[in-house]
Amino acid sequence: MWAKAFIFLWGDKMLDLKLIRKKPEWVKERLATRQIPGEEIDQLLQLDQQRRDLTVKSENLKKERNDVSAKIAQMKRNHEDADAQIAQMKQVGQEIKELDEKLAKTTDDLNYILIRLPNIPDESVPVGSDESAAREERKWGTIPDFKFKPQAHWDLGEELGILDWQRAAKVSGSRFVYYLGLGARLERAVYNFMLDEHRKDGYTEVIPPYLVNAESMFGTGQFPKFTEDVYTIINTDEKPLTLIPTAEVPLVNFYRDEILDGSQLPINLTALTPSFRSEAGSAGRDTRGLIRMHQFNKVEMVKFTKPEDSWDELEKLTHNAENILQKLNLPYHVITLASGDASFTSAKTYDLEVWMPAQNCYREISSCSNCTDFQARRAHIRYRDEDGKTKLLHTLNGSGLAVGRTVAAILENYQNEDGSVTIPDVLVPYMDGVTKITKD
RNA sequence: GGAGAGUUGGCAGAGCGGUAAUGCACCGGACUCGAAAUCCGGCGAACCAACUAAUGUUGGCGCGCAGGUUCAAAUCCUGUACUCUCCGCCA
């Protein structure tokens, strides 16, 4: 449904074609770690050559047409006969038209491949195709040693009367939930706390649109490949809008098609938004609890940086996310995702995984990525450097954090034997002094 | 939802079939002890391609976007997006 539109919308390149031309073997090698066959790169280079040959021919003819047309204009002014030139240009015009049609076809074929190639993973990323290849970077906190069998958060929440799955299923379906009373207040306390922390760390708070157009989804790299993972709204004008799967989309696209002043960088934005995901393909996984919902709140952080700063900024961003878990005193570890496991747009991704006692394992609660210039190239976000040149900037994004999962982690890690849940100290002021959630 | 007007370089703003005026800003120079003012000159958005070791040079493209007509389109035609004004409706 979307694919065709993009080919017309973006005559631009997604990975840097010049880089592919210059170092084809290196690109092939790097992309092989993401299961991209080398033949695609060969095909790409062939189309690129064809495109440039056609461009030269077409442009030469256009030059001729411009020159002769100027002459025709001159002759007309002098009331001379220009019929011969006009006939000649008619022929040239036909040739240009044919060449340009070929050129358009070639460009379409080229872009079809190019817009489906993922970002090139950074050299520091472990090679592998799934989570088992991830590398643990560091651990934080002490895993709680319960003297009783810890309950799952969905049971705790239900017994405390703060989460209602049944009515959510009735009203909406599976993978939806109602938060009630102190549950709703806990969720609100958590995200208010997160936003305040990020503000202190220099992020500007934003409330973005929750519905975005296809261009935006393309700009951040969700489209054209991942159309099945999102909810799309068809309005009466037949112009579809997508419910954001993450605030990253409206935040990064804020500067789409713009040239920023380099002295303003880095720019840091944060937003609390609901995120909507169809979770197609995850049937049977995490069917209970707050882990995998069709709608969930998430506080997102986005950075726009100069290329030379993006790796340092990725570390800062990750620490900003870790800061939340540390202040909440939730045990976690940081892993670097393997080349084949990171998102389409990412050159390197750190995942923060929080300890979930009932499941006796770490679960993802934040994903922090450096997208390098990949999104900037798609979304045309550039900056003007001190030397006056326009350059693509780098974009980064990270959850800080997934709010529902944070609530789940608090319920499980802070539970008591009697089924009550203690409120983490930093959240008490946000809960109007409430220190514990108990049954009735 | 209805009617009308608009969208041109960083900003302002002309052009309404013959290939983007002009002003402000900006850069260089002159004058000045220095600055302002004035004068002279220059650049004028992105993007693509060819040549070049690089700085660059040349060309293409470019007037919201996409098509069409024409030897030639900012200008004519069609579609479309957005902005503004008025009317209607509305949390």
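Excluded from the calculations below are hydrogen atoms, water molecules and symmetry mates; all remaining heavy atoms, backbone and side chain alike, are included. Chain letters run A, B, ... following the sequence lines, proteins first and then strands; every chain starts at 1.
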Fill in the blank from the handout: Assign each of A:K62 and A:I259 the nucleotide of RNA chain B bearing its closest heavy atom; nearer the 5' end lies the nucleotide of A:I259

Please set out all donor-acceptor pairs under 3.5 angstrom arising from side-chain atoms of residues 258-275 of chain A, sequence neighbours excluded.
unit_1: A:D261; atom_1: OD1; unit_2: A:S263; atom_2: N; d: 3.1
unit_1: A:D261; atom_1: OD1; unit_2: A:S263; atom_2: OG; d: 3.1
unit_1: A:D261; atom_1: OD2; unit_2: A:S263; atom_2: OG; d: 3.1
unit_1: A:N268; atom_1: OD1; unit_2: A:K303; atom_2: NZ; d: 3.1
unit_1: A:T270; atom_1: OG1; unit_2: A:E300; atom_2: O; d: 2.9

Exercise for the section: For B:A74 versus B:U58, give the span between their P atoms, rounded off to a whole number of Å. Expected result: 22 Å

Handout entry: Value in whole Å for how far the C1' atom of B:C82 lies from CG of A:L241
Key = 14 Å

Practice task
Check the distance between B:G60's P and A:L99's CG and give it to me in whole angstrom.
Solution key: 16 Å

Handout entry: Integer angstrom distance from the C1' of B:U7 to that of B:G62
Key = 16 Å

Problem - P atoms of B:G6 and B:C27, separation to the nearest Å - result: 36 Å

Problem - pair A:V56-A:D53: side-chain heavy atoms closer than 4.5 Å - result: no

Practice task
If a pair satisfies ring-ring contact (aromatic ring centres under 6.0 Å, His included) and one of its residues is in residues 239-268 of chain A, list it, with sequence neighbours excluded.
Solution key: A:Y255-A:F304

Exercise for the section: Return no unless some side-chain N or O of A:R52 is found under 4.0 Å from OP1 or OP2 of B:A50. Expected result: yes

Handout entry: d(CG, A:L47; C1', B:C48) in whole Å
Key = 17 Å

Problem - Which nucleotides of RNA chain B pair, in dot-bracket form (Watson-Crick or G-U under 3.5 Å, | meaning another strand) - result: ((((((((.[[[..)..(...]]].(((((.......)))))....(((((....)))))...[[[[[..)....]]]]])))))))....

Practice task
Using only side-chain N and O atoms of A:N66, determine if any of them is under 4.0 Å from OP1 or OP2 of B:G60.
Solution key: yes

Completion exercise
5' to 3', nucleotides 70-76 of chain B under a 4.0 Å protein heavy-atom cut-off (B base, S sugar-phosphate only, - none) gives -BS----

Practice task
Report the relative orientation of the aromatic rings in A:F176 and A:H294; use parallel for angles under 30°, tilted for 30 to 60°, perpendicular for over 60°.
Solution key: tilted

Practice task
Select base, sugar-phosphate, or nothing to describe what A:S58 touches, counting heavy atoms under 4.0 Å on all strands.
Solution key: nothing

Practice task
Look at A:R384 and B:A46 and indicate whether a side-chain polar atom (N or O) is within less than 4.0 Å of OP1 or OP2.
Solution key: yes

Practice task
Identify whether NZ of Lys or CZ of Arg in A:R188 sits under 6.0 Å from the centre of the six-membered ring of A:Y430 and within 45° of that ring's axis.
Solution key: no

Exercise for the section: Send over the distance from A:N60 CG to B:U58 C1', rounded to a whole Å. Expected result: 11 Å

Practice task
Inspect the surroundings of CZ in A:R167 and state if more than 12 heavy atoms from other residues, nucleotides or ligands are less than 6.0 Å away.
Solution key: no

Handout entry: Close side-chain approach of A:V190 to A:I410, heavy-atom, < 4.5 Å
Key = yes

Problem - Separation between the C1' atoms of B:A46 and B:U32, rounded to whole Å - result: 39 Å

Problem - C1' spacing across the pair B:C63 / B:A12, given as an integer number of angstrom - result: 16 Å

Exercise for the section: Rounded to whole angstrom, note down the C1' distance from B:C65 over to B:C82. Expected result: 10 Å

Fill in the blank from the handout: side chain to side chain donor-acceptor pair (under 3.5 Å) pairs touching residues 395-404 of chain A, sequence neighbours excluded, are A:E248-A:N397, A:Q375-A:T395

Fill in the blank from the handout: Across all chains, not counting sequence neighbours, the ring pair (Phe, Tyr, Trp, His ring centres under 6.0 Å) partners of A:H153 are none

Problem - Rounded distance (Å) that lies between atom P of B:G59 and atom CD1 of A:I96 - result: 16 Å

